[in-house]
Structure formats: structure tokens, C-alpha cells
Amino acid sequence: MGRKSATSNVEKRAGSGSEEIAEGPKRSGFLWIALLIVLINGSWAVHHVQFERLPDPLTAEQVGKRGFSEVSAMEHVKALTRLGPHPVGSDALDKALQYVLEAAEKIRKTAHWEVDVQVDFFHAKSGANRLEGGLFKGKTLLYSDLKHVVLRILPKYLDEAEENAILVSSHIDTVFSTEGAGDCSSCVAVILELARGISQWAHGFKKAVIFLLNTGEEEGLNGAHSFIAQHPWSSTVCLAIDLEAMGIGGMSSIFQSGPDPWAIESFANAAKYPSAQIISQDLFLSGAIKSGTDFQVYKELGGLSGLDFAYVEAGAVYHTKNDKLSLLRPGSLQHLGENMLAFLLQTATSSYVPKGKAMETEDKGQNQAVFFDVLGMYMVVYHQQLATMLYNSVILQAVLIWTTSLFVGGFPAAISLGLSFLGVVLMWIFSISLSASIAFLLPFICSSPAPYIANPWLVIGLFGAPAVLGALIGQHVGYLILQKYLWHVASKGDPNRLPAIQDSLIKWEAERWLFKGGFIQWLILLIVGNFFKVGSSYLALVWLVSPAFAYGLIEATLSPVRSPRQLKIVTLVLALVVPVLISAGLFIRLTGAMIGALVRLDRSPGSIPEWLGSMGIAVFIATIVCLTLVYLLSYSHLSGAKRSISLATCAVFGITLAAVMSGIVPPFTEDVSRAVNVVHVVETTGRYGEKQDSVSYVSLFSTTPGKLSKEIESLKDEGFICGKDKAVDLVTFTVNYGCWSSDDVGSGWSESEIPILKVESDLKMDVRTTRVSIDTKDSTRWTMAINAREIEDFKFEGNSVELVPVGNMTAVDGWHTIQFSGGKNALTRFEITLFWRKSPAHLSHTDEQQQEESSLLKLRTDVNKATPKIGRVLEKLPSWCSLFGKSTSPYTLAFLSSLPINF
């Protein structure tokens, strides 16, 4: 920094060796490429060790009575998946419940003689679930006729053990589109095998362990809600553990914890194969992950602390037909089972009673745990308070060091610092621009806008290679600007200095400034993360401190007159070892999870540009490239590797693109399907109060971005027309782009199945009140939307029993949604009382016209059966297509009714 006399000192000392100084030791371009290859392979090795290495499945004979056996647990998975899809209200779910109940009774009969195993077949008749956060804002979730299997295991001769219980929960039900090997038959199997093992240990426990196997989770977390709200044992629960799956198999990782850090600390101490990443919690709580788990109920409604586990491998198969037994990797259940058994043995024998919401309020999150695992072998856990102190200390030291350096170096050092940061900015701009441009072009040049879903490694060539090339170009432009400025500063120095020596010194100085530019970007991220208390800020800490330590140890000097030298390779190696070990596997796993989520990205088909999903992947990969390769790329500008890097990245991109465009590597396979839903829609039309007609058609749409051209090729004789000309309002979402057919759609349903909305009374007093009766016929799964621009609140009743009282109605986009699901004996007749707004929301003239034609209530009832038309379409669809189920998705037969505002 500002070495005004540095060059002259070198010349004086150089003597006859000035030529050697002028040339400097040359760094081979092949060495840089070798370093890049080592970095890539090392990152994959870290990912393999951290996320793909699973324990061997053990047999019952190997583990004995008290251990966990995957081989035994897999028998439960096989039995449940043989039943096929078992959603709420199905015969298959009744069989699944009976199987689980019989397994629970067997555990009760074979338990240790000093252990009390209580089995309860719990029936929740009805209830209303109004969660406030995440996907549930603006919704009321109703349920009826839900059944759960509950086991409570505790020591016989310690009465106080039942006063505090640990809840371990998962769900038996699946969505209608899958047999649910991963989500969540695998979790149910782990719980049953855990319960068997715990029944041999519990005589030494100080707490009871409750195993909840609920139904209704897939319809809005209703099973967990009914347990917390209605079951007598729920009041004794002090800690909640939820087992989930957002993929199939692999390592089951903790992705949410708290608010009391005791649970995660206990897990870190006990787990044999720890797997937990707080960045998943950050993403989940930010809303970036559009999903919900039972843990939200336990934390929000029950006020409990705990842990949320999930299988996330192969996320593209989530809720599709490919969530099947054959894709469940051996060792997956053993990994979760052994971890959970060790955790329960430690926590159930402890006398500590964890706190819940009260703790979060009292300490304002200061005791919230920051956690992550290292290579799946060791876990780091510390409190947010310590994190804040640590981050503040590092930030303060960094600012002091930079301030001192700039003070010593003067104005030239300050400008050099600014230009080094400009190099970082240019690196980001060029990298994101190149990779994002490819993402934007993919829909125009490929058969799918996301041709890499079935083969995620393709993103290395499609987005990774352009991102690296862009980062190199951007940083090199910054390097040239910085070098020009350093020449300008040097020109004002001693005119007698040798040009060759001066050239080497300036290049080395520019290289060092680019390396230090990486410190700046990570320091900024650390400051921002610390300010907002982001748990995953530890990543910025590691990527800042480790390279800074390596640079300070090997490269830096306190002498202001020492000439710059070329950066040493050992500095780079030492700088990257720890960050790569801690974060490389995580970055790869996050990329894979994002790719898997593209299958269900377009929640209202046709509502987002086709390129948006790939754009997100491209920008994320470019971000990772810029954040992690900033130090390595700074070594490339003097190595002669720039041409080789450019040619290599272009070649990798070209080969990958050719493979995709030619169809050699297909976007979807039989094991990784595109989500395609086919719904037979029966819609009532005509004015209310007059004879209404019904219009029937089949709607085909996809939550996976892209046109349906390939799919329709197999349905040429079914009369489908595709486009955006016919928007289908399915209440919970609108199909903006899809295909529809009105050919041969009159069979498979009857007029008697059409739901009825009938105005029973309409009192126009101080507050206008309208009472509407609802008859859903045979459907026990339905969704209704209330126009919140006109309606201020409502009361909901079923069979003259109040299910939802007046108060706290919220809305999203002007609608409040009621979702109902239940068993075979669920309610089908309801009454809703609507309380109108005194002054409806202000609307423009155009909005007023639309509002006149709008609905006051919109109702969709679902029936889980395939009409003849649907059956033919499903048979003809390509094998790489799959129905996709979620709580807001209709079944294959849906009836639509509405009540207009001006009824």
C-alpha cells in the first residue's frame, strides 16, 4: 500500500540480479487449472462425505432388542407403500392406520416389564386450524373425522415421568399422487422401530416419550393441530420432534430448531452421524422454501421448542409417483434411526425441562442456537449472543486493520482499495450476466426451459462454465484498471527505475489487491448478516477469517518499504482448506435442492416467465462462483491461464448445450418426472336463482415451467387445445396456461355431485349479514374463497356446531380461503354467516366493473376418482409425466360453484 520508495529499494538491493527481479518467477497456467480441478474434485469429495455417505443397514439380530434396525423398519415401509396412495378419506388410509395400530399393539405386548406402553387410537371429530405464518396466512383450515395412532412410553414406577413428555411425530397420510415411500412412510417406519427400541430402555427415563403417527398433515398440518388442541396428553409435552421428508432418503438433516437451544445441543452431543444446517432454517423462515411442517404447529400453537428433521435428497420426486420404494437409498433409515435413538436416550434421562415461546420472548433470540455440521462427523453449536460478540469482534478488527493500512499507504492505497472492490463488482456483473443470459435463452433453444432437472450435473456446463468465464473477464477488467492506476502512481516516482522491474512490481501489487478484494465482499456480507442476526453468517466469517489469516501469516509484512512479491500458492491452499471443508458440500446440496424445487415452481401454471426458474438457478450458481472463486481467480492474471480457462469453459458449455439440444440427455425420466395434473372440471354457469347449467371439460396443466407440446403429442386424438386463452380458476390458484378438451366429458360424473351454495337469509341492517348454506354432496375435501373486499368477517358452522367463530379474518390478494378435509364420516353440510363491510375497499372504475362480475364466494369440491376421459389421458401421457399432489391441488375430478356479489 503506497510503497513510494519500494521500487528504488529493490533496485539498490538487486545489483546484478535485477533481470531476475524484472522477470519474476513465472506461474504456470497448467498449475492454475490444476488448482481449479483440485478445488472442484475436493468440493465433490466434501459433498460425498457430508451428504452421501450412509451407514450400513443393520438387522434385528445385529442390534438386539435395544438397537435400531433398518431391515426391520423397511418391513413397515414395504407394507405401507403396497397400499398405494393413501390420502385422507381413502380406504387405503384406513388400512394403513390399521397396520400401524397393530404394530403399536405388538410393541406394547413385547415391552420391557418395567416399561408402560400406552396405545391410543385417537379420533378428532372436527376442528379449525388458523396458523399465522408462512403459507397459512389468509387461510382457515378445517378438518373432520381424523384418526391418529398415539403411543406413550414411560417407566412404570416413576409417576412424575408422565408430567413431562418428549413428542416424536410424523404422518401416515400421503397426497393422492404417490405411495409416499419417502413422504412419509419412511418416517413412520423409523418411529415404529424407535418405539420398539425405546420400549426396552424407558425404565430408566425421567420423561415420557410420546410417538404420534397422525393423519391430515398433507391437507394443512391438521393432524398435528388436532393433537395439540384436543388430545389430553398434549398438555404434558415439553419438547417436540418432527420427522419429515421433502425428497426421498439420504441423510435426514435438522433444518429447524429452537427456540430453546437445549435440544440441538443435546443432539450434537448424542448423534452418531450429525447432520444439521442453520442455513436451511434461514431459508425456511424467510419464505424462500414454500412449504410447512408439523413443527410449525408445535412451535406456533403449542409454544414448544424442538427439532425438525427432513429427508431432502432427490427433491424432484417430492409428491410425485416417483416417491417410491425403489428409490429409497439403503442406509437412510439407519442414519435417522441411530441418531434419534441416541438423542432420545440422552434427553429422556435428563431432568431439564426446555422452554418454548416464553424463552424466545424473554431473551429476544439471544439464546437461539447457531448450528452446522462438519463433514457429517462433528457438529458446531453456539448461541446467537456469542455469535454476535464474535462477529462484532472480527468486524471491528477488520475495520481497524484496513484503516491503519490506508493511513500508512495514504491516498494511493485508498484508491487501490476502491479499485479492487470495483474488480469484485465487475466480476459479479459479468458472471451473473453471462449465466443469466443462458438461462433466458434456454426456453427458445431447448425443448424444456429447465433441461437439467433429471440430470442436475448439467448446470455445471450450462451455468457454471459461463459464470466462471464471466467472473474471470470481470475481474481481469478490474485488474487492468487497477494496473493502469498503479502505473500512474509509479510514473510520479523515481524516473531512473527499470521499466521491467517496475512492470513486475505493479503486476504483483495488482494481484495482491485483487486477492484482498475478496476480503471486502465477505466483510460486507458478515456486517449485513450480523445486523439482521442471520444464523448462517458463520459462512461469511469462515470465508473472511481463513484467507485473511493465510495472507497475514505468509504474505503480509509490517514494513512499509518492502516490495510486493508474487502471491504464493501455499497462501491460496491454506486460505481455502477450511472454507471448502465447511461449505463446499452445503453449496452443492443447496443447488441440488433448488433444481428439484423447479418441478413445482409455477404454483399458478403460466403465471411466471418460463425462464424464471433457470434464471434463479443461474444467478445462484454465479453468486457461489463469485463468492468462492474470488481468491483463486486473482491468481490467474499472471499465470497465462486466461486463454486456457476461456477455451475450457466455452468447450464445456458447448458440449453440454449440444447434449441438451440434441436430446441425448432428456430433461425428464421415469424416475424424475414432470409434474402434470389432469382434472375433469364440472363448472356451473348461469345467474343465481335461475336454472343453472353445467359445463364440463378436462384441464391439463403443469407446475413445472415450460410448454406442454411434447405431452400433447401423445394426446392428439383427445381434442386438446393449449394456450392462455382459457384461464381456469380453481379457487386456490388459477391455471393461466394449460390445455383443455371438451370432447367426451359427459360420463363419469352426475349432476347430483355438484355442490350447492344457497342464500338462506340476507339482512341489510347496520351491518349487512348474509347466511349461506353449503352442501358439498359426497365430497369431504373442498376449498372455498371469501371475497375480503366485500366481507369483513364470517362465522362458520357444521351440523349446527360452531367451527370458526367471528374474528381475525385475514386475506391474501383480496381473498380469505377455507380448506376442508376429512375422513369418510366427515361433515358435508355447513352454514356460513357473512358480515359485510360498511365501506367496501376503494376501487377504480375498471375494478368496479370487474367487481360487479366477481364472486362473493367461490367453491371447489374434489372427488378422488378418474372419469373415463381422465383414465384415457393418464394412460396416454408419457411415462416421464406424473400427477403432483399438494393441499391446494384438486383431485382428478373437481366441481366448481360460485355465489355472485349481486345475488
Side-chain angles (χ1 to χ4, degrees), residues 55 58 63-69 73 111-112 114-117 151-155 158 160-170 187 190-191 193-212 236-243 251-276 278 295 298 304-309 333-356 359 367-374 376-383:
L58 299 178
V63 302
K65 285 186 176 182
R66 293 184 166 191
F68 184 94
S69 165
H112 189 279
E114 292 182 289
V115 174
D116 186 15
V117 177
L151 294 88
R152 183 164 68 170
I153 303 178
L154 66 168
L158 187 66
E160 56 267 30
E162 68 179 23
E163 296 175 3
N164 293 295
I166 300 169
L167 175 67
V168 182
S169 168
S170 192
C187 310
V190 167
I191 284 181
E193 178 63 7
L194 271 176
R196 183 202 59 75
I198 290 296
S199 70
Q200 305 298 322
W201 282 98
H203 53 283
F205 285 4
K206 296 179 181 178
K207 297 184 183 75
V209 180
I210 297 174
F211 294 100
L212 170 62
T236 67
V237 175
C238 64
L239 185 70
I241 311 299
D242 181 47
L243 306 185
M251 287 189 173
S252 182
S253 300
I254 295 174
F255 70 101
Q256 288 190 92
S257 76
D260 193 322
W262 179 71
I264 190 71
E265 290 170 349
S266 299
F267 179 83
N269 291 330
K272 188 175 181 180
Y273 314 105
S275 183
I278 196 172
F295 187 70
Y298 303 138
L304 298 168
S305 286
L307 302 175
D308 204 359
F309 290 80
L333 275 59
Q334 193 70 42
H335 175 267
L336 175 59
E338 287 196 54
N339 281 346
M340 279 298 302
L341 182 59
F343 170 75
L344 289 175
L345 292 179
Q346 176 158 319
T347 53
T349 54
S350 170
S351 58
Y352 179 81
V353 179
K355 300 176 183 178
M359 179 180 209
N367 277 322
Q368 178 73 35
V370 176
F371 56 89
F372 58 93
D373 72 88
V374 180
M377 301 176 185
Y378 181 76
M379 228 176 124
V380 178
V381 181
Y382 52 94
H383 293 190

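Quick caveat: nothing in here was measured; it's all calculated off a predicted structure.
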Inset, instruction - Locate the shortest heavy-atom distance separating Ala202 from Ile153; write the atom from each residue and the value. - result: CB-CG2, 3.6 Å
Inset, instruction - Look at the side chain of Glu193 and the backbone N and O of Ser69, then say whether any donor-acceptor pair between them is shorter than 3.5 Å. - result: yes
Legend entry - Reported CG-to-CZ distance for the pair Leu341 and Arg196, which is rounded to 0.5 angstrom: 9.0 Å
Legend entry - Check: Phe205 main-chain N/O paired with Thr349 side-chain donor or acceptor under 3.5 Å: no
Legend entry - Beyond-backbone contact of Pro259 with Gln368, side-chain heavy atoms, under 4.5 angstrom: yes
Legend entry - Contact check, side chains of Leu212 and Val168, non-hydrogen atoms, under 4.5 Å: no
Inset, instruction - Would you mind reporting whether Leu307 and Ile264 have side-chain heavy atoms less than 4.5 Å apart? - result: yes
Legend entry - Reported CD1-to-OG distance for the pair Ile241 and Ser305, which is rounded to 0.5 angstrom: 9.5 Å
Legend entry - Side-chain donor/acceptor of Asp373 to backbone N/O of Ala276, under 3.5 Å: yes
Legend entry - Heavy-atom closest contact (Ser275 atom, Phe267 atom, distance): N-CE2, 4.1 Å
Inset, instruction - With sequence neighbours excluded, tell me which residues meet ring-ring contact (aromatic ring centres under 6.0 Å, His included) with Tyr273. - result: His335
Inset, instruction - With sequence neighbours excluded, tell me which residues meet salt bridge (charged side-chain N to carboxylate O under 4.0 Å, His left out) with Lys65. - result: none
Legend entry - Residue list, salt bridge (charged side-chain N to carboxylate O under 4.0 Å, His left out) with Glu265, at least two apart or on another chain: none
Legend entry - Sub-6.0 Å ring centroid separation between Phe309 and Phe343: no
Inset, instruction - Without swapping roles, check the side chain of Lys272 against the backbone of Glu338 for a donor-acceptor pair under 3.5 Å. - result: no
Inset, instruction - Mind running side chain to side chain contact (heavy atoms under 4.5 Å, CB included) on Lys207 and Cys238 for me, showing each step along the way? - result: CA-CA 9 Å; Lys207 297 184 183 75; Cys238 64; 4.1 Å; yes
Inset, instruction - Give a yes or no answer on whether the side chain of Lys206 reaches the backbone of Glu160 with a donor-acceptor pair at less than 3.5 Å. - result: no
Legend entry - Heavy-atom neighbours of Tyr378 OH exceed 12 at 6.0 Å: no
Legend entry - No-hydrogen, no-angle side-chain donor-acceptor test under 3.5 Å, Tyr298 and Ser169: yes
